[in-house]
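Okay, structure first, notes after.
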Amino acid sequence: MANYSTSQFKNGLKLILDGNPCSIISNEIRKPGKGQASNKVRLKDLITGKTLEKTFKSGESVEGADVMELDMQYLYNDGDTYNFMDPESFEQYAVDETGMDEAKGYLVEQDMCVVTLWNNNPISVTPPNHVMLEVVDTDPGLKGDTAGTGGKPATMNTGVVVQVPLFISIGEKVKVDTRTNEYAGRT
Amino acid sequence: MRDALKQRSDFLANIRQFFSQRKVVEVCTPQLLGYPATDVYIDSIAMQVNQKIEPKTQYLHTSPELEMKKLLANGSGDIYQICQVFRDNEQGEHNFNEFTMLEYYRLGFDRYQLMDDMVKLLQCLGLCGSVHRLSYAQVFNEFANIDILNTNFDALKKIAKTHGLCTDFEWIEDLQILLFTHLIEPKLIDLSICFIYDYPNSQSALAKVEGQVAHRFELYLEGVEVANGYDELQYQADYRQVFANDIKKRHQLGKYSPKLDEGFLNALQNSLPPCAGVAIGIERLLSKVPKNALK
């Protein structure tokens, strides 16, 4: 993979830092009157999800990371791995537990997800912003409370627990915002 | 549009009035020079002239400093200049290839007197915030818990590493500057007017050195570097040594490395009178002047 000089740094550029692929979030250049310029860079570690801050001297080169984000369809879970398919090439990718993180609570078969590949190996999965999940366990509903003033926890078929309005009952399908883990309606 | 032009015009008029009251004379020195700047990290813009007659390379000045020092060595007395300066390879939010500089020299002043004089200049431009004067060692001690004057290169590298900073430097001053930029400057944002003085002798530039420190100061307005001043070196031999050292470093970095400007060194045969001088970035200063503050 090519090396990138600090002058080529821009948001979204993928670099290898401490062995992990990272994506640039921001890049601030400082040039003191009498001194050398430096780049203060914020990056997201694509493996751990953590944000790091690194400072490079201008002109320094850093190894690029071969990272791609592809839209893939979620197929099934076989116990150990989560299986996805690239609808363009029909190529299938198996993602293990570590790469799934919070995404596994929102996986619905046939849904399109974004799978991040590093050197053609999947490292993380981003589910769609909204998914339809089925309530498998919650306290009995309160008939007539359609205003949704209160809330109660409900366990979904994927295992994730979401705060839902009181009128929701077991067996209903609800829309969940995967970015905030919030109830977003019934259809 | 016109309001902004008027503000800048009034601002410059106030500056000229300030110097006129103090009998400091405005001068105008050549901007097209035969030699490029020798500062390690300031690059001159080169241009080819007289293509049809006798082609030669000239350089736009990066600061009027040396030309003004020729005047001082010739007995000019107190002088100031407001001019455009040009620098190559500038980058960053506050850096441009062309900007306006105010440079002035006061005979018989030391850096403390010059800082006091600058406070009066700032006041007459409507900058009346509280003034902080902190030594370089003091800010490092207070804001980063680093004994900057007594920490060697290797120990500084270890400290830089713990802050996620680059450590791949040839010279200690580069690392000191990086630490200052990233650990100290962000803490200066809350200080409206702040002078930092007594830089480590590794960063003496053209300032007099006394033991561990150089008689150099910088002015920061809300964390932005606005001015750089010295108790000026007086003797030809001192200038020769600084230039030769900088040129050697430039060569090591693979940058252009010019011959010594013997013309300038010759002009200093009489040596400079004892004086202090400062260069001020006009656009940066103007950006901190409150609207409607100028009369």
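Lettering of chains follows the sequences in order, A, B, ..., and the numbering in each one begins at 1. Computation of the quantities below employed the complete heavy-atom set of this structure, encompassing side-chain atoms and omitting hydrogens, waters and symmetry-equivalent molecules. Please read all numbers here as calculations on a predicted model, not as lab measurements.
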**Interatomic distance, B/Glu170 atom CD to B/Lys249 atom NZ [nearest 0.5 angstrom]** =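 Answer rounded to 0.5 Å: 10.0 Å.
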
If only side-chain N and O atoms count, and only distance matters, is there a donor-acceptor pair under 3.5 Å linking [Y] with [X]?
X        : Y        : value
A/Thr6   : A/Glu60  : no
B/Asn89  : B/Tyr41  : no
B/Tyr105 : B/Glu103 : yes
B/Glu222 : B/Ser192 : no

**Asked** Is any residue of residues 91-98 of chain B within less than 4.5 Å of chain A by heavy atoms, and which ones?
**Response** B/Gln91, B/Gly92, B/Glu93, B/Asn95

**Interface residues of residues 151-166 of chain B facing chain A - non-hydrogen atoms under 4.5 Å apart** =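 Hits under 4.5 Å: B/Gly164, B/Leu165, B/Cys166.
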
**Request:** Decide ring pair (Phe, Tyr, Trp, His ring centres under 6.0 Å) for B/Phe143 and B/Phe180; before the verdict, give the C-alpha distance in whole Å, the side-chain angles of both, and the deciding distance to 0.1 Å.
**Result:** CA-CA 10 Å; B/Phe143 297 140; B/Phe180 189 92; 9.5 Å; no

**Request:** Using heavy atoms and a sub-4.5 Å threshold, report which of residues 108-128 of chain A line up against chain B, by residue number.
**Result:** none

**Item:** Residues in residues 13-36 of chain A near chain B [non-hydrogen atoms, under 4.5 Å]
**Value:**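 Only A/Ile29, A/Arg30, A/Lys31, A/Pro32, A/Gly33, A/Lys34, A/Gly35, A/Gln36 of residues 13-36 of chain A have a heavy atom under 4.5 Å from chain B.
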
**Item:** Which portion of B/Glu173 sits near chain A, non-hydrogen atoms under 4.5 angstrom
**Value:** neither

**Carboxylate-amine/guanidinium contact B/Asp198 B/Arg111, below 4.0 Å** =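 A salt bridge links B/Asp198 with B/Arg111.
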
Can you label the angle between the [X] ring and the [Y] ring as parallel, tilted or perpendicular, going by 30° and 60°?
X        : Y        : value
A/Tyr74  : A/Phe84  : tilted
B/Tyr136 : B/Tyr199 : tilted
B/His61  : B/Phe86  : tilted

With a 4.5 Å cut-off on side-chain heavy atoms, are [Y] and [X] touching?
X        : Y        : answer
B/Leu285 : B/Leu221 : yes
B/Phe140 : B/Leu179 : yes
B/Phe243 : B/Asp261 : no

**Asked** Cationic tip of B/Arg250 within the cone over B/Tyr256's six-membered ring, i.e. under 6.0 Å and within 45° of the normal?
**Response**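 Judged by the rule, B/Arg250 and B/Tyr256 form a cation-pi pair.
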
**Prompt:** What pair of heavy atoms forms the shortest contact from B/Ser44 to B/Thr62, and how long is it?
**Reply:** OG-CG2, 3.5 Å

**Message:** Could you report the tightest heavy-atom contact between B/Ile184 and B/Val139, atom names first, then the distance?
**Reply:** CD1-O, 3.7 Å

**Prompt:** Which one, B/Glu185, B/Gln203, B/Gln176, leads in non-hydrogen pairs under 4.5 Å with chain A?
**Reply:** B/Glu185

